[in-house]
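These notes concern the structure reproduced below.
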Amino acid sequence: MDDANTFAETEGLSAIESILKKEAPELLEKKIQTRREGLPELPNSSNQKPVLRFAPNPNGPLSFGHSRGLVINGEYAKNLGGELILRFDDTDTTVKPPMIEAYESIPIQQEWLCGFPAHRIVIASERMDMYHSYAHKMLSNFFGYVCTCTGEEFKQFRIAKEDCPCRNNSVEKNLTLWEKMNDTNGFQPGEAVLRVKTDMTLKNPALRDWPAARIQTKSHPRVGNMWRVWPLLDFQSAIEDHLQGVTHIIRGKDLMDSTRKQTLLYAHFGWDYPETIYWGRVKVHEFGSFSTSQMKKDIDSDKYEGWDDPRLPTLSALSRRGIKPEALRTFWIELGLTQKDIAVPLATLYSHNTKCIDPTAPRLAFIRNPVELTIFGDYPKEIEIESHSDTEMPKRKFSITDKIWIEKADSGKSIRLKDLCDIDAEGNVESVERSDKRQVVHWVTQGKNCELTVAFGDDINTYQGILEDHNYPDGTIVQLERIGYAVIENGDLLMTHD
RNA sequence: GCUCGUAUAGUGUAGUGGCCCAUCAUGAAGCCCUCUCGAGGCUUCGACCCGGGUUCAAAUCCCGGUACGAGCACCA
């Protein structure tokens, strides 16, 4: 390389060019910048069919935030011919108790979003025997122990990098204490936990002898009181990933320490940890911060009408509002898999959604703040109007009387009544053909009173107006001319977005 | 406090030593088209956190700083 540069300096660049032209012409061709499309290549996936999983807590229905995990894992599974496991991590009956309806709704929403059903569904609460048997194994092999310190006591040991007294108990003692944890008349919640023996001097405090299971006495909605000792996420998830043969874990970077904890556990068992990829935190400005438990509270107190209240960021609300799964998928794929913490505006999602719905959304006129206008002069008495200017949709047919409705904001000036005629401020017809560049305004001649509901942040507004007669069924996404897209719901309108 | 992570236009993103006075989308502005303030087409605007170092060559590698975020739960 040095020689080459010296040569270039003394002989000039053109000399090099002519040599290259002879010896290796392909090097001279300008590379064209290529932009990677879609998701980055999944590492370590060329020699195996990937097995991925998405593991929500069924303490409520799926939200916008969940959709990232579903989309990313689902896309990889689909594109690489692998498998997607939908796993219910429902091992907490106390802090985030499972909601029984969620076991039904989550798979439905998963299929709606991904476009295919999960290849496997795993319910943690039905696999408790497995977790117990590995917990037992951990104790018998002396890489786990029952700890009877209080949380505060152990915290001090963790900070001081010192072993807690329970750490050196014999295997026999541990097995006895384990029995006592599982015994109704033994330890009570809070009196003992199962810990994984790692190393109390580890640099990262989060990894020091982390807890694997605890006692819960609150009944589980699916399995009742069959179990008393329940695994914590890091343990349950680690065991289950191995049991299911998960090859790739894609999750938030807030779980980086989970990976490290679980890798230590895998080392004890002699297993290989799956390939792990992380994404950063996503904030959606318009959604603020919602937690499943807070939403549940607010629904119970009637602040929201239900899980599909259009103000909420749940998948059922988005779906109800006319957000398409394709738009959600494009949105998440475009954000990609970086570890950056990002804040995104909903405008991007809406833009993708517009591309999905615009080609099939029939146009309708909706008059907000309607005022009646009498028109004088010659105008067509029967009229056919396009329902969608770019596609072949049946036309809208109306008989025109001399009374029509226009929006108050459009009244009192000379306007073009769309597809009908030019009028002056008093309603006198000036021309049937479009005669100048005056503003084109939508209008209704035969219509019904109708309510348009618009969710905006934490507010919900309804506008009374007149919607032109149509016979589209509920659920149709229409475009209200000059306003935006909306879904027909019980004959009324629910705003999708502009 | 300890540990870990990230830093490219307003917002996202591509880019893994020479294709880069940096890609694409979104956004904003303008024009064209259109009997919608929609869709479509075109144009324009706008960025490599800072400071050192390595190298002929750095957005890219190294070190330091700064900023932001996360974990250190008997939640997931």
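Only a predicted model underlies this, so the values are computations on that prediction, with no experimental measurement involved. First the proteins, then the strands, lettered A, B, ... as listed; each starts at 1.
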Pair partner, B:A47 [Watson-Crick or wobble, under 3.5 Å]: none

Quickly work out the A:Phe235 CZ to B:A76 C1' distance and round it to whole Å. 17 Å

Pick the P atom in B:U43 and in B:G52, then give their distance to the nearest Å. 39 Å

For nucleotides 32-44 of chain B, 5' to 3', base contacts (B), sugar-phosphate-only contacts (S) and non-contacts (-) with protein non-hydrogen atoms under 4.0 Å give ---BBBBSS----

Please verify the inter-ring angle class for A:Phe157 with A:Phe154; under 30° counts as parallel, over 60° as perpendicular, anything in between as tilted. perpendicular

Send over the distance from A:Glu41 CD to B:A14 P, rounded to a whole Å. 15 Å

Take atom C1' in B:C20 and the same atom in B:A14, then report the distance between them in whole Å. 12 Å

Proximal nucleotide (of B:G12, B:C4, B:C75) relative to the A:Arg214 side chain: B:C75

Using a strict cut-off of less than 4.0 Å between a Lys/Arg side-chain nitrogen and an Asp/Glu carboxylate oxygen, indicate whether A:Glu126 and A:Arg222 qualify as a salt bridge. yes

Do A:Thr259 and A:Tyr278 pair up side chain to side chain, a donor and an acceptor below 3.5 Å, judged on atom types alone? yes

Would you measure the distance from the C1' atom in B:G17 across to the matching atom in B:C37 and give it in whole Å? 49 Å

Pairwise P distance for B:G15 and B:U8, with rounding to whole Å: 14 Å

Whole-Å distance, A:Leu39 CG to B:A25 P, equals 19 Å

A:Arg438 and A:Glu430 ion-paired at < 4.0 Å: yes

Using a 4.0 Å heavy-atom cut-off across all strands, classify A:Thr94 as base, sugar-phosphate, or nothing. nothing

Taking atom CZ of A:Arg87 and atom CD1 of A:Ile123, what is their separation to the nearest 0.5 Å? 12.5 Å

Rounded off to whole Å, could you give me the OH-to-C1' distance for the A:Tyr350 and B:U11 pair? 16 Å

With a 4.0 Å cut-off on heavy atoms, is A:Leu233 in touch with a base, just the backbone sugar-phosphate, or nothing at all? base

Please give the nucleotide sitting opposite B:G17 as a Watson-Crick or G-U wobble pair, both distances under 3.5 Å, or none. none

Answer with base, sugar-phosphate or nothing: what part of the nucleic acid does A:Ala343 contact at a heavy-atom distance below 4.0 Å? sugar-phosphate

Just checking A:Cys149: base, sugar-phosphate only, or nothing, at a heavy-atom cut-off of under 4.0 Å? base

Minimum-distance nucleotide to A:Lys340 side chain [options: B:A76, B:A25, B:U6]: B:U6

How many Å lie between CD1 on A:Ile342 and C1' on B:A14, as a whole number? 15 Å

Is there a Watson-Crick or G-U wobble partner for B:U34 with both distances under 3.5 Å, and which nucleotide is it? none

How do A:Ala55 and A:Lys155 order along RNA chain B: which one's closest nucleotide is nearer the 5' end? A:Lys155

Paired to B:U11 by Watson-Crick or G-U wobble criteria (both distances under 3.5 Å) is B:A25

Given A:Tyr485, which of A:Thr354, A:Asp358, A:Asn353 fulfils the side chain to side chain donor-acceptor pair (under 3.5 Å) condition? A:Asp358

Taking all heavy atoms of A:Lys253 and all of A:Asp341, pick out the closest pair and write down the distance. CE-OD1, 3.3 Å

Taking a pair to mean Watson-Crick or G-U wobble geometry with both distances below 3.5 Å, B:A59 pairs with none

Below the 4.0 Å mark, does B:A76 have OP1 or OP2 next to a side-chain nitrogen or oxygen of A:Ser237? no

With the side chain of A:Glu334 defined as its heavy atoms from C-beta on, choose the nearest nucleotide among B:C4, B:A25, B:A14. B:A25

On the 0 to 90° scale, with breaks at 30° and 60°, tag the A:Phe331-A:His352 ring pair as parallel, tilted or perpendicular. perpendicular

In whole Å, measure the gap between the C1' atoms of B:A57 and B:C21 for me. 16 Å

Before accepting this row, confirm whether a basic side-chain N of the pair A:Lys180/A:Asp183 lies closer than 4.0 Å to the acidic partner's carboxylate O. no

Heavy-atom nearest nucleotide on RNA chain B taken for A:Asp89 and for A:Thr338; more 5' hit belongs to A:Thr338

Rounded to the Å, how far apart are A:Met99 CE and B:A76 P? 18 Å

For B:C68, which nucleotide in any strand shown is its Watson-Crick or wobble partner with both distances under 3.5 Å? B:G5

Could you give the distance separating B:C74 and B:U66 at their C1' atoms, to the nearest angstrom? 39 Å

If every non-hydrogen atom of A:Leu86 is compared with every non-hydrogen atom of A:Pro56, which pair is closest and at what distance? CD1-CD, 4.0 Å

Check every strand shown and say whether A:Lys96 touches a base, only sugar-phosphate, or nothing at a heavy-atom separation below 4.0 Å. base

Does A:Asp410 come within less than 4.0 Å of A:Arg482, counting only side-chain N to carboxylate O? yes

For A:Asp199 and B:U3, give me the distance from atom CG to atom C1', rounded to whole Å. 15 Å

Under a 4.0 Å heavy-atom criterion, the protein footprint on nucleotides 65-72 of chain B, written with B, S and -, is ----SSBB

Whole-Å distance separating the CD atom of A:Gln236 from the C1' atom of B:A76: 10 Å

Return the pairing partner of B:U54 with a 3.5 Å limit on both distances, Watson-Crick or G-U wobble; otherwise return none. none

Looking at every non-hydrogen atom in both residues, tell me the closest pair between A:Pro58 and A:Ile106 and how far apart they are. CA-CD1, 4.0 Å

Between A:Thr348 and B:A25, is there a side-chain N or O to OP1/OP2 distance below 4.0 Å? no

Please measure how far the C1' atom in B:C42 lies from the corresponding atom in B:C62, and state the result in whole Å. 45 Å

Give one of base, sugar-phosphate or nothing for A:Gly280, where a contact means two heavy atoms less than 4.0 Å apart. nothing

Can you check whether A:Phe187 and A:Trp178 have ring centres sitting under 6.0 Å from each other? no

B:A22 and B:A59, which share atom name P, separated by this distance in whole Å: 12 Å

